Amino acid sequence: MERIKVAVNGFGTIGKRVASAVSLQDDMELIGVTKTRPNYEAQVAVLKGFPLYVPEGNQKAFEDAGIKVAGNIDDMISKADIVVDCTPGDFGEFYRDKYRAAGVKAIFQGGEDHSLTGVSFNSTANYSESWGAPLSRVVSCNTTGLLRTLAPIDRKYRIKDAYVTIVRRAADPGDSKAGPINGLEPSVKLPTHHGPDVQSIMPWLNISTMAIKASTTLMHVHTVVAHLEGQPTTEDIIDIMSKSPRVRLIDSREGIKSTAQIMELAKDLSRDRADMYEICVWRDGVKVVGDTLYYYQAVHQESDVIPENIDCIRSMCKMEQDPEKSVRKTNASLGISNN
Ligand code: NAD
């Protein structure tokens with residue numbers, strides 16, 4: 001089978017992980033990554049053997065820094081079947097027009113609006129909607145987390161409404177610019193964009209969200225309250241979660257009381273970059289009272305969207321029609337166990 005040629009534009013927090021994940025797939029070939037500046041991440045890309053492409057005119061700066069360049073970004077785009085765009089939010093329109101002009105498919109990330117692509121992606125909730133699409137968008141880390149748990153519950157016990165508070169990490173661990181470094185900062189523009197973002201995939205879901213930025217870099221934590229049409233027991237909900245893809249039940253009685261221990265677990269599992277791709281739900285924090293479901297979940301913002309990007313490539317490039325088979329294949333490559 002000929003492998004699909006995948007390029008990754010933007011080699012930051014998400015891009016470097018997508019590139020590593022693509023390089024592990026036997027049905028994909030990583031044909032290049034991009035950097036705008038000759039920094040340590042550019043050196044790492046070359047060290048890993050990833051062909052490095054840079055903006056037109058920047059080649060000399062890279063060569064002066066001793067970093068071998070394979071060409072400019074347009075050269076890379078022209079060689080690809082699909083580009084995974086991992087540039088910071090708001091470059092979307094500029095690059096979408098470039099990809100379109102080159103006749104290349106493209107996946108954008110959650111920093112861009114749904115309207116940029118018209119289709120958004122989550123492996124659990126709507127794998128098939130991106131089938132053959134020229135453009136799609138893997139929703140943000142928080143939205144991915146909410147869809148992974150809410151979609152399977154909604155399928156079985158229709159959710160009447162859901163109220164979510166997101167305690168957001170202030171910055172990624174490698175980012176020393178952002179804050180707050182000591183404090184809690186509520187998002188005062190309400191409701192926050194997370195609810196509408198979930199609705200870009202589950203438009204029928206009545207969901208309201210608020211968010212608070214906290215001085216931590218490790219993970220986000222969600223508190224979820226949902227009213228259900230069905231009348232499941234707590235055990236019924238735990239059963240659904242235990243069978244949902246890329247959802248990991250953790251337990252405070254086993255010592256996982258906070259995001260600190262979840263990150264320690266990811267290290268102990270010898271994951272690449274100590275990533276926790278699964279959404280972690282506290283088993284002993286799931287509770288149903290009457291028609292009201294309560295639970296807490298933790299989201300590793302740097303990595304939960306990585307397996308979704310791989311599945312999205314398979315859907316858009318018509319490589320695997322069965323969502324479950326793609327999820328299993330991606331999981332096997334990244335060391336995620338199947339529920
Ligand atoms: P980042 O800042 O870590 O990386 C962005 C990369 O793009 C950098 O390497 C930067 O040099 C490069 N870049 C900047 N301008 C460019 C340009 N004009 N052309 C090509 N490359 C350019 O950002 P990130 O955190 O990886 O975020 C990327 C996308 O993923 C955003 O849409 C973001 O919202 C989304 N996302 C981020 C997270 C997260 O927690 N970091 C989680 C999920 C989704």
Side-chain angles (χ1 to χ4, degrees), residues 7-21 32-46 50 52-59 61-62 67 69 71-77 80 83-99 106-114 116-117 120-122 136-148 166-178 193-194 197 211 213-214 216-221 259 263 273 275-277 279 298-309 312:
V8 176
N9 190 15
F11 194 70
T13 305
I14 300 299
K16 59 189 172 188
R17 288 174 166 81
V18 170
S20 295
V33 301
T34 69
K35 277 308 289 179
T36 49
R37 281 174 296 132
N39 65 3
Y40 71 97
E41 285 171 318
Q43 289 167 351
V44 169
V46 173
F50 301 160
L52 183 67
Y53 293 84
V54 306
E56 182 65 36
N58 284 20
Q59 209 143 337
F62 281 80
I67 299 173
V69 165
N72 67 39
I73 296 181
D74 288 343
D75 296 332
M76 181 187 80
I77 294 171
V83 178
V84 185
D85 189 295
C86 302
T87 59
D90 297 335
F91 285 91
E93 271 184 39
F94 171 76
Y95 276 117
R96 180 194 58 189
D97 295 346
K98 260 187 187 296
Y99 304 142
I107 299 175
F108 289 87
Q109 306 302 313
E112 306 293 346
D113 291 337
H114 174 75
L116 182 77
T117 54
S120 292
F121 181 88
N122 175 263
S136 190
R137 177 186 75 120
V138 169
V139 292
S140 75
C141 49
N142 281 309
T143 309
T144 296
L146 289 169
L147 289 162
R148 285 224 192 119
I166 297 170
V167 182
R168 294 174 55 202
R169 61 88 180 96
D172 288 330
D175 180 2
S176 54
K177 290 197 301 268
H193 68 276
H194 307 94
D197 210 30
K213 224 193 254 184
T216 178
T217 62
L218 301 180
M219 300 181 90
H220 306 296
V221 170
T259 52
M263 289 288 87
R273 294 187 172 87
D275 282 341
M276 179 57 82
Y277 305 104
I279 303 308
V299 172
H300 186 220
Q301 74 281 352
E302 297 177 283
S303 71
D304 69 326
V305 298
I306 305 308
E308 314 301 288
N309 273 277
C312 190

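Remember, it's 1-based here, ligands and their atoms both numbered in the order they're listed. What you see is a predicted model, and the numbers here were worked out from it, not measured in a lab.
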J.: May I ask you to say whether R169 pairs ionically with E302, meaning some side-chain N is under 4.0 Å from a carboxylate O?
T.: no
J.: Does ligand 1 have any atom that is closer than 4.0 Å to a heavy atom of R169?
T.: yes
J.: Would you confirm whether any non-hydrogen atom of the protein falls under 4.0 Å from atom 2 (O) of ligand 1?
T.: no
J.: Nearest to atom 25 (O) of ligand 1 by heavy atom, N142, N309, V33, T13: which?
T.: T13
J.: Under the 4.0 Å line, does any protein heavy atom show up next to atom 11 (O) of ligand 1?
T.: yes
J.: Pairing donors with acceptors under 3.5 angstrom, does anything connect the side chains of N9 and T87?
T.: no
J.: Looking at atom 13 (N) of ligand 1, what's its closest protein heavy atom, distance included?
T.: P88 CD, 3.7 Å
J.: For D172 and G174, indicate whether the former's side chain and the latter's backbone hold a donor-acceptor pair under 3.5 Å.
T.: no
J.: Indicate the atoms forming the closest heavy-atom contact of Q109 with D85, along with that distance.
T.: CG-O, 3.2 Å
J.: With no hydrogens and no angle check, is any side-chain donor or acceptor of T144 less than 3.5 Å from a backbone partner on V139?
T.: yes
J.: Give me the ring orientation class for Y95 and Y99: parallel if the planes are under 30° apart, tilted from 30 to 60°, perpendicular past 60°.
T.: parallel
J.: Return the closest protein heavy atom for atom 22 (C) of ligand 1 as residue, atom name and distance.
T.: T36 CG2, 3.6 Å
J.: Below 4.0 Å, non-hydrogen atoms only: which portion of R37 touches ligand 1? Side chain, backbone, both or neither.
T.: neither
J.: Specify the protein heavy atom at minimum distance from atom 27 (O) of ligand 1: its residue, its atom name, and the distance to 0.1 Å.
T.: I14 CG1, 4.2 Å
J.: Is the closest N or O pair between D172 and ligand 1 shorter than 3.5 Å?
T.: yes
J.: What are the two closest non-hydrogen atoms of E112 and G92, and how far apart are they?
T.: OE2-N, 3.2 Å
J.: Starting from atom 30 (O) of ligand 1, locate the nearest protein heavy atom and write down its residue, its atom name and how far away it is, to 0.1 Å.
T.: Q109 CB, 3.3 Å
J.: Among all the protein's non-hydrogen atoms, which is closest to atom 5 (C) of ligand 1, and how far away is it?
T.: C86 O, 3.5 Å
J.: Indicate yes or no: does an N/O atom of E41 lie under 3.5 Å from an N/O atom of ligand 1?
T.: no
J.: Which protein non-hydrogen atom lies closest to atom 33 (C) of ligand 1, naming both residue and atom, and how far is it?
T.: G111 N, 4.0 Å
J.: Considering only the protein, which heavy-atom contact is closest to atom 31 (C) of ligand 1, and what is its distance?
T.: T87 O, 3.7 Å
J.: Which heavy atom of T259 sits nearest a heavy atom of A298, and at what distance?
T.: CG2-CB, 4.3 Å
J.: Side chain, backbone, both or neither: which part of C141 has a heavy atom under 4.0 Å from ligand 1?
T.: both
J.: Any nitrogen or oxygen of I73 lying under 3.5 Å from a nitrogen or oxygen in ligand 1? Just yes or no.
T.: no
J.: Checking S136 side chain against I107 main chain: does a donor-acceptor pair fall under 3.5 Å?
T.: no
J.: Look at atom 9 (O) of ligand 1 and say which protein heavy atom is nearest, naming residue and atom and giving the distance to 0.1 Å.
T.: K35 NZ, 2.8 Å
J.: Using atom types as modelled and distance alone, determine if a side-chain donor or acceptor of E308 lies under 3.5 Å from a backbone N or O of V138.
T.: no
J.: Could you please spell out the steps behind the side chain to side chain donor-acceptor pair (under 3.5 Å) verdict for R273 and S20?
T.: CA-CA 10 Å; R273 294 187 172 87; S20 295; 3.3 Å; yes
J.: Nearest heavy atom to atom 15 (N) of ligand 1 wins, so pick from F108, Y95, F91.
T.: F91
